[in-house]
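In what follows, every chain begins at residue 1, and chains take the letters A, B, ... in the order their sequences are listed.
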Number of protein chains: 4
Amino acid sequence: MGKVRLAVLGMGRQGQIHSKNIAYMIPEAELVCASDISMERVGACAVQGIDLYDDYRKVLERDDVDGVVIATSTDTHDEVIRATAAAGKHILCEKPIATTLEAIDSVLEFVTEKSVKFMVAFNRRFDPTFKKVREMVADGSAGEPMIVNITSRDPKPPHLEYLKVCGGIFFDTSVHDFDMARYLSGYEIEEVYATGSVMVDERIGQLGDLDTTMISLRFSNGAVGSINNSRQTGFSYDQRVEVCGKTRTVFGRNETPTRVEYIDPQGTHSDVPLYFNIERYPAAFLGEMQGFVDCIMNDTAPPSTGRDGRIAVALSMAARKSYDEHRPVKLSEIG
Amino acid sequence: MGKVRLAVLGMGRQGQIHSKNIAYMIPEAELVCASDISMERVGACAVQGIDLYDDYRKVLERDDVDGVVIATSTDTHDEVIRATAAAGKHILCEKPIATTLEAIDSVLEFVTEKSVKFMVAFNRRFDPTFKKVREMVADGSAGEPMIVNITSRDPKPPHLEYLKVCGGIFFDTSVHDFDMARYLSGYEIEEVYATGSVMVDERIGQLGDLDTTMISLRFSNGAVGSINNSRQTGFSYDQRVEVCGKTRTVFGRNETPTRVEYIDPQGTHSDVPLYFNIERYPAAFLGEMQGFVDCIMNDTAPPSTGRDGRIAVALSMAARKSYDEHRPVKLSEIG
Amino acid sequence: MGKVRLAVLGMGRQGQIHSKNIAYMIPEAELVCASDISMERVGACAVQGIDLYDDYRKVLERDDVDGVVIATSTDTHDEVIRATAAAGKHILCEKPIATTLEAIDSVLEFVTEKSVKFMVAFNRRFDPTFKKVREMVADGSAGEPMIVNITSRDPKPPHLEYLKVCGGIFFDTSVHDFDMARYLSGYEIEEVYATGSVMVDERIGQLGDLDTTMISLRFSNGAVGSINNSRQTGFSYDQRVEVCGKTRTVFGRNETPTRVEYIDPQGTHSDVPLYFNIERYPAAFLGEMQGFVDCIMNDTAPPSTGRDGRIAVALSMAARKSYDEHRPVKLSEIG
Amino acid sequence: MGKVRLAVLGMGRQGQIHSKNIAYMIPEAELVCASDISMERVGACAVQGIDLYDDYRKVLERDDVDGVVIATSTDTHDEVIRATAAAGKHILCEKPIATTLEAIDSVLEFVTEKSVKFMVAFNRRFDPTFKKVREMVADGSAGEPMIVNITSRDPKPPHLEYLKVCGGIFFDTSVHDFDMARYLSGYEIEEVYATGSVMVDERIGQLGDLDTTMISLRFSNGAVGSINNSRQTGFSYDQRVEVCGKTRTVFGRNETPTRVEYIDPQGTHSDVPLYFNIERYPAAFLGEMQGFVDCIMNDTAPPSTGRDGRIAVALSMAARKSYDEHRPVKLSEIG
């Protein structure tokens, strides 16, 4: 086949990143057009010479679009996914698919009926560091995973307005780490126990949310693990993973802007980790898009599926339930 | 005062280490004599020119002994502590003080009555790395601790005979980490939740024990944390701590035998961590003894007390109860 | 002003990199057209929708080109630079400007007469790591530089055909390091002493060249230093710098593809450094182009000048003379 | 045989270290007695129960002494070595043996006649890190050495009084590094070129000495290398080695007091290297003494010989000659 012809729906920050990656960084792909309800946003597209629309349905009408990246606001996902699938176009959808399991199941069923590929944008799976950790587990060189620990801490809390609508720390932050834990280990998480506190900002507690959490994990092979989140490190983004397998213990460490180190009487000093997800994960965003293009080109399964998206949401729900009821919760209780 | 005059009771591996440290490494101390029920063991003492006995009571009769290191087998601790305190001599006692809280309380009460100093041998508090982590919390430079994570994994399981009598992984291994978590944070652990598995050796499971565990912690200031133990890394001793405070995240990393690094086409390579506690903690054993000598010389409180020993045991009991009852357990439930 | 309008002459590997950076990565710049004597090469340009020529003079005729990147073969540099300057267009020229000092001086004089900006492509100055090392010297935080050491070793020798025409290791490899040493220190190199051997491949010696060299440096402020080159590490590209200043010793270390680390019984393992200059210096190539665009936009001096290019060549000549005559050679002897 | 019976002559700082190592740390050895011209110094000996003398000849008269450690002042070495050899006792001698090659040759000839073992105290050969680097060269796993670089920088200059009598930086500092370069590579250094400056303290220049030096090396197998010394890093002791072999590049890095690392908004921070040789090389001093004891016990060649001591001095002379005459100097010129 020729180039994979893609369009981006929703040209916020994430849509812009996707657009540039498609247009400039992936030789097998082509950016055909883009849309946003704001003509200002879509007009700011850094890619020249493509068609721009203020209605995503215009994109779906085009015959020369093979796949669509859905980067619109979460509340529109259900409608846009259905319309895209109905138009027979493959889908890369930002997470979450929807906010209830019923809604997720319904839309995934629809997509399956329409026989289009559906990939959920768990970009971190495509980070070169985490990918290599996964490879050592997948190829057996690390041995059977026994412990999986994930540290994921933000530099500072988002704005209060965002905090009010994000669904809470388990849905907004831990959801990525649940996917990472499943991805790295290759096993399902069967049970979680969540504890947490408000250590960073009282207003987060007033919203009924937490800013510092520790989730205990049990995997289907008997392995144990932890997900440790915080809304504030005070420095930058702390993103680390660890898999203790039977023959190797493997670490995915933080990335830094440079490799400068210096010594003075106060110590040996090097960079802080990269600031936040935009700085930390450009290679992951690119790898994710390459994965989407590849699965269309080669007609293979998407590297992160609707089912992966559903399970990560269900685990976030289990974590919240565990915290609320102050007891371990099995995934099977969530449905 | 002149030198602090010490004796060592029990000349197994640990007693030998203590003897050499007292005799050779601490100028303010002097090793007067040593005892062991086996004359062979006590005769193997590397320190020349001291008196050797096959009955610890002979040591206690001597007027020229200020303090005693109790390194006899655990089941004798109760009797030896009482006899030593009755003889008016200060005590550094290997952990555990006893195996039930009632027995611990009773012996601590007796020791208090006799007004001798009583220090429990939590050697890791004196490791230069962990001590420096603690200092950054204690002096406020790390900020209020929000997360405390402790990784403590053995190179390989002990012999089955030892496993049968050690009381289980929570009492044998986690007990050190509970003390470390309290020491590093400066706060009490109020609640634990323990999960775990048998991933390393089925025979450990047949004993009703676990070999791979994850304990969730809640501290009195609201901080959360984890203790992660394993009986087998497959390489060597993995001993790491992490405190995420409001202004700094502080790590205590593994020690290695050398600082050699080399690059070849397969990668960049350096040493494995030091093999086990004897290799890893010589400076800690020495620092511990120095702490004991200092508290006698300066008539100050011991740097790790009978109360510290009691709480670590109680937390190990809480972890086991949590695992058995599959629910979070408060320390206050243990009594 | 609007966007800086650029063209690329010569669409080999380096020209392609420049083209993509101009077109896609620098919002203030625009790629107008490109040329190559091979229509096949220029047709392979990854940037869509620009004009392509098989004669660079067609590019120079266009009024809508502000600056030109000269990435044609070295033997054409003299002619192309003169034509470009005569056309009144700014120049970013791959090194070397020319292969004799007379030729360099003559062409630089011509360029100066024509009042166009002339920048030499010392890309490593724009590497984020080396740039930050330089900043610590430039802002005084490292203190007066006392020692500057540069390690620059290739993964393996280039093809014999290339070795025959590259001018030898001092001109082909050390030339970059001479510029780096001047850049990092902010001082001139006044004297060099070069020693070297054929350790890697006898055929290199048969060409009268060396594959393993150590150049001693003396700087104008009295600092000493070294440049250490090798044609073969056996693994990948080893590119490190070190400045020992009065108050800090600063290191620029190697970059690696990931931040994975793992421990097994053989050791603690991480990645090899990135393979070669294409892998190691993408950020430097981009930063270099940004520097060229900025100096046109803001009408400032280029960040690496024709004089810098000339001095690096003169120092390479001094190194060869030092080796040939087996004695230290002053830069002033070269003229 | 029973324990190796040793005596220490000269109880300054180094003699005290040797005494404690013999008495306490090496089970196969025994400290019989010690001497110093100052009864105060010898009386301060930390080892109890040994005989102390104010005349080294009393030590040599004893039949129960197998070997002697000569740690007296350098100007007495000649006399003390001869007397000790005449008494038929094995010798571990602090460097330098003497300050002229003639004197060294004469005393080494005498020692050979007397058939006692003679070991020169190049302690760094016994540092675990450098020893392991050497092992990778010696066992072939690093491949043929092509480049050997040694960095050896002091925290700050010694007192002026010491500087006046130490013989200059090449004899006082580089001498250790010459031995290290020969030890690591297993090859002789055939030619040196030394450059240097006064960057740290003008008074050092007024003594005709240098404080910042770079010595180029050529080895007998064609390898090149460098020794880089400075009297002042401004922080602590910077002691690093590097061997680039055909199959591995091997680094011996600095040691630090702890393995603490912390991150704050300013960077990622860890310890400064250990302060100076007393802090950096305790394991090396111990390993050196073990090497001396082993060669007596097993009747094998000493691990660092009189010849090694002579060559290191000759190379220091060559470096000074090179600096003075501003040209490369062959070791064969020195005689």
Side-chain angles (χ1 to χ4, degrees), chain B residues 3 19-27 30-31 44 46-50 127-137 141-143 239-271 273-274 280 282-283, chain D residues 3 19-27 30-31 44 46-50 127-137 141-143 239-271 273-274 280 282-283:
Chain B
K3 291 200 173 191
S19 298
K20 292 185 74 170
N21 280 337
I22 296 167
Y24 300 150
M25 308 297 278
I26 300 180
E30 182 182 355
L31 183 67
V47 180
Q48 311 266 316
I50 61 162
D127 174 72
T129 291
F130 300 152
K131 208 174 152 101
K132 192 168 167 185
V133 175
R134 168 58 191 155
E135 284 164 8
M136 283 193 208
V137 176
S141 61
Q239 296 276 300
R240 290 172 283 132
V241 305
E242 174 187 359
V243 179
C244 173
K246 283 218 166 170
T247 51
R248 287 180 179 170
T249 296
V250 189
F251 304 90
R253 303 209 182 279
N254 284 313
E255 291 278 348
T256 53
T258 77
R259 299 281 184 138
V260 172
E261 186 171 292
Y262 67 92
I263 316 181
D264 65 17
Q266 280 70 50
T268 302
H269 313 277
S270 55
D271 284 2
L274 290 158
R280 173 65 182 81
Chain D
K3 291 200 174 192
S19 299
K20 292 185 73 170
N21 280 337
I22 296 166
Y24 301 151
M25 308 297 280
I26 300 181
E30 182 181 355
L31 183 67
V47 180
Q48 311 268 314
I50 62 163
D127 174 71
T129 290
F130 300 153
K131 208 173 152 100
K132 191 168 167 185
V133 175
R134 168 59 190 155
E135 285 164 7
M136 283 193 207
V137 177
S141 61
Q239 295 277 301
R240 289 172 283 130
V241 306
E242 175 187 356
V243 179
C244 172
K246 282 219 166 170
T247 51
R248 287 180 180 170
T249 296
V250 189
F251 304 90
R253 303 208 182 281
N254 284 313
E255 291 276 348
T256 52
T258 77
R259 299 283 185 135
V260 173
E261 186 171 292
Y262 68 92
I263 317 180
D264 65 16
Q266 280 70 50
T268 301
H269 313 276
S270 55
D271 285 1
L274 289 157
R280 173 66 183 82

Can you tell me how far apart NZ (B/Lys131) and OG1 (D/Thr258) are? Round to the nearest 0.5 Å. 12.5 Å
Taking atom NE2 of B/His269 and atom CZ of D/Phe251, what is their separation to the nearest 0.5 Å? 12.0 Å
For residues D/Tyr262 and B/Val133, determine if any side-chain heavy atom of one lies less than 4.5 Å from a side-chain heavy atom of the other. no
B/Pro257 versus D/Pro128, closest heavy-atom pair with distance: O-CB, 4.3 Å
State which residue, out of D/Lys132, D/Arg248, D/Arg253, fulfils the salt bridge (Lys or Arg N to Asp or Glu O under 4.0 Å) condition with B/Glu261.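 So the option named by the test is D/Arg253.
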Give the member of B/Asp127, B/Thr256, B/Val47, B/Asp264 that has the highest number of heavy-atom pairs under 4.5 Å with chain D.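 Going by pairs under 4.5 Å, I would pick B/Thr256.
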For D/Glu30, all residues meeting salt bridge (Lys or Arg N to Asp or Glu O under 4.0 Å), sequence neighbours excluded: none
If you count heavy-atom pairs under 4.5 Å with chain B, which of D/Val250, D/Thr129, D/Asn254 comes out on top? D/Thr129
Do you know which of D/Met25, D/Lys20, D/Met136 has the most heavy-atom pairs under 4.5 Å to chain B? D/Met136
Contact residues of residues 239-247 of chain B (partner chain D; heavy-atom separation under 4.5 angstrom):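 Interface residues of residues 239-247 of chain B: B/Thr247.
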